[in-house]
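Have a look at the structure below before the remarks.
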Amino acid sequence: MPRADRRVLLIGLDSADADLIERWAEAGHLPTFARLMAEGSWSRLRTTAEVLHVSAWPTIYTGATPGRHGLYHAYQVRAGDQRIHRTDPSWCALPPFWKMLDEAGRRCIVFDAFMDYRLPGFRGVQIGEWGTWTWFGEPFSTPSGLRDRLIREVGPYPAPEHSQQVTVPDQLWFRDRLVEAAAVKARATDWLLRNHPWDMAFVTFGEPHGGGHYLWHTEDPDYPVHRPIPGLPHPLLDVYAAVDRAIGELLDRHLDDRTTVLLVSGDGMGPNYSGAHLIPELLHRLDLYHAPGVGGGGPAAKAAPKRSLAARLREMIPLPVRQSISRCLPRRLKYRLSLKWLNADIDWSRTKAFPIHNNNEGFVRLNLIGREPRGIVAPGAAYDELLSLLADELAGLVNPANGRTAGRVSRIDALFPGSERRHLPDLVISWDESARVLDRLQGPRAGLVCGKCGYDTPAYYTGNHRPVAFLAAAGAGVVAGARIDGGHILDVPATVLALLGVDPPAYFEGRERTASLVKRSLTEAL
């Protein structure tokens, strides 16, 4: 087949969980996935989400690890600034793979890529923040006005964006919004594919992400807040089934003998047993972090900074009232205010290590001289000594309720070198869901650290990320039953470029997997 006739339809499934899909496909609940597994290819992949969950999509886009592209979470610290910021996707140090395709003359459609940004000079179609789970910027489209036309054609996206979800939603309402959203996303994608020429189209379904965060407890009878509702037995399964139907409709309309379809997820979703919300107090117990909101006990308790007058006035407003106000505020203002409180009143003159607040992993960054403007930890031996002390403490954390080790500790210097390493945390603890951490941790030096349960702290998740990634393939040339052994999400962009006959850039860290997926005749023609 001539290269000019080949097409790739890449479907991203944001935080879709491979364990759930395999189980529900086998049980007959997900017929599209079952058909893909039987007639096409299904492979589990390694992923950078094993350490930094939100790094998965930027890794897939750039073909590089976080130390080289620099994106790893919705909130990040930038070297030379010290404050925690809402992540700007344009910080990404490497371009997405569709830039190479565009420059090679391949016509591209990129629709609702997670953590995306407007690509300057892009000649194809690009629409951002129409139906993504989390917005990282203002809505945009190339050509200008195309997003507005899409809304006129199919309507607005019916599910809430993450910043609008400030409490645990009503299960029935939230399920219905996500089910409807998957159907509307399919119609929107179909309209784009029918009305714009393409050689590569990339669309992301974000419904598994929100559903996994807020509906996990409806499926998990062992989760502490599991409360089944009569007549509503499987809300999360309903969301996955809606996405399965949506994908099936797209494949029925657009999968032909010249199109290869790839479905990918770089991360999954399981029960929320994250202890990230306990890390600030733990660091304070070690006399390393001095900020408002910590100091519930331990030797450093009396030295905790006092809250500012504005912070004390804010706390006088009942939480439900603050949440109601937050729903009415513009998204950008909400983020600005939340970051103001988060960064306020930290005593940097005594803080040697600080958390990068999030609801997933435990991120710790040292207050390093030369990297942080108010750094107090000297590079070299002092840095290494403190890093080792903290790594040992985190590795020794247990859930005192069952004695199980809380998680796995990673040193970022060893895992993700590169020009953007300076923006990443220094240590990460990835929580072991079998430890079932909720409201307390026991540390070798810090002792017992107590707080609220993770599901009872903003953003009130009952489900959280876990690193189960996959790649499914079907269509033109794909060998039924083919598997990728030892595959990684880094391989995805190289494979897309190879299928379309475009050479990858030298910095790609993955390798193309066409030989594992497609028939030899097609491989030889590439």
Side-chain angles (χ1 to χ4, degrees), residues 50-52 66-67 72-73 76-77 79 82 84 274-305 346-358 360-400 403-417 421-432 435 437 439-451:
E50 292 157 15
V51 178
L52 299 168
Y72 62 92
H73 203 267
Q76 298 188 193
V77 171
Q82 198 128 18
I84 296 173
S274 167
H277 59 295
L278 302 173
I279 294 297
E281 179 64 27
L282 181 139
L283 293 176
H284 182 73
R285 296 288 185 89
L286 298 173
D287 200 18
L288 298 175
Y289 178 57
H290 297 274
V294 295
K302 294 182 180 179
I346 299 173
D347 185 352
W348 293 111
S349 68
R350 293 187 296 143
T351 290
K352 294 182 179 180
F354 59 98
I356 302 174
H357 296 270
N358 73 97
N360 312 131
E361 304 95 339
F363 293 155
V364 178
R365 186 172 166 100
L366 302 196
N367 191 18
L368 185 64
I369 294 172
R371 186 179 66 184
E372 272 64 55
R374 286 171 279 181
I376 62 174
V377 177
Y383 171 86
D384 293 338
E385 181 180 354
L386 182 54
L387 197 67
S388 294
L389 180 150
L390 271 169
D392 290 344
E393 183 72 17
L394 294 176
L397 291 175
V398 298
N399 179 357
R404 295 187 65 94
T405 300
R408 183 190 74 254
V409 179
S410 301
R411 297 191 183 203
I412 295 300
D413 283 328
L415 286 178
F416 299 131
R421 156 63 188 100
R422 67 192 189 279
H423 303 307
L424 274 55
D426 295 311
L427 291 171
V428 177
I429 178 168
S430 303
W431 308 101
D432 183 348
V437 173
D439 62 348
R440 59 192 62 201
L441 289 167
Q442 180 81 37
R445 296 176 65 246
L448 182 64
V449 178
C450 300

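At least one donor-acceptor pair closer than 3.5 Å links the side chain of N367 to the backbone N or O of T351. Between the side chain of S274 and the main chain of A276, a donor-acceptor pair closer than 3.5 Å is present.
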Begin from the C-alpha positions of V428 and V409 and carry the test side-chain contact (heavy atoms from CB on, under 4.5 Å) through to its verdict.
CA-CA 6 Å; V428 177; V409 179; over 6 Å; no

For L278 and L397: C-alpha separation, side-chain torsions, deciding distance, then whether side-chain contact (heavy atoms from CB on, under 4.5 Å) applies.
CA-CA 11 Å; L278 302 173; L397 291 175; over 6 Å; no

What verdict does the side-chain contact (heavy atoms from CB on, under 4.5 Å) test give for I84 and H357, after you've listed the backbone C-alpha separation in whole Å, the side-chain angles of each residue and the deciding distance to 0.1 Å?
CA-CA 8 Å; I84 296 173; H357 296 270; 3.8 Å; yes

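Expressed to the nearest 0.5 Å, how far CD of Q76 lies from NE2 of H423 amounts to 8.5 Å. In this structure, the separation between CZ on R374 and CG on D347 is 9.5 Å, given to the nearest 0.5 Å. Annotation: the span from L441 atom CG to I279 atom CD1 amounts to 6.5 Å, rounded to 0.5 Å. The distance from atom CG of L282 to atom NE2 of H277, rounded to the nearest 0.5 Å, is 12.0 Å. Atoms NZ and CG, on K352 and L389 in that order, are 10.0 Å from each other to the nearest 0.5 Å. The CG atom of L390 sits 6.5 Å away from the CG atom of L366 when rounded to the nearest 0.5 Å.
Exactly one of V51, D432, I429 qualifies for a side-chain contact (heavy atoms from CB on, under 4.5 Å) with R408. That residue is V51.
For V398, the side-chain contact (heavy atoms from CB on, under 4.5 Å) partners at least two apart in sequence or on another chain are Q442. With sequence neighbours left out, N399 forms a side-chain hydrogen bond (donor to acceptor under 3.5 Å, both in side chains) with no residue at all. Partners of R404 by side-chain hydrogen bond (donor to acceptor under 3.5 Å, both in side chains), not counting sequence neighbours, listed by chain and number: S434. Remark: R422 pairs with E420 by the salt bridge (Lys or Arg N to Asp or Glu O under 4.0 Å) rule, at least two apart or across chains.
Counting only residues at least two apart or on different chains, the side chain to side chain donor-acceptor pair (under 3.5 Å) pairs with a member in residues 386-396 are S388-R411.
I346 and P292 get closest at one heavy-atom pair: N-CD, 4.3 Å. Listed here is the closest heavy atom pair of E361 and S430: CG-OG, 4.5 Å. Y289 approaches P280 most closely through the heavy-atom pair CD2-O, 3.6 Å. Here the closest heavy-atom approach between residue G362 and residue W431 is recorded as N-NE1, 3.5 Å.
Inter-residue side-chain proximity for N360 and H73 is flagged as met; some heavy-atom pair is nearer than 4.5 Å. Side-chain contact between D439 and C450 is absent, with no heavy atoms from C-beta onward closer than 4.5 Å. Residues L424 and P66 have side chains in contact (heavy-atom distance under 4.5 Å, counting atoms from C-beta outward). Between V77 and F354 there is a side-chain heavy-atom pair separated by less than 4.5 Å.
Ring to ring, F416 and Y72 are not that close: their centroids are 6.0 angstrom or more apart.
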Donor-acceptor list for residues 375-387 side chains, cut-off 3.5 Å, not counting sequence neighbours:
{"residue": "Y383", "atom": "OH", "partner": "D413", "partner atom": "OD2", "Å": "3.0"}
{"residue": "Y383", "atom": "OH", "partner": "D426", "partner atom": "OD1", "Å": "3.1"}

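Using a cut-off of 4.0 Å between Lys/Arg side-chain N and Asp/Glu carboxylate O, E372 and R365 are scored as salt-bridged.
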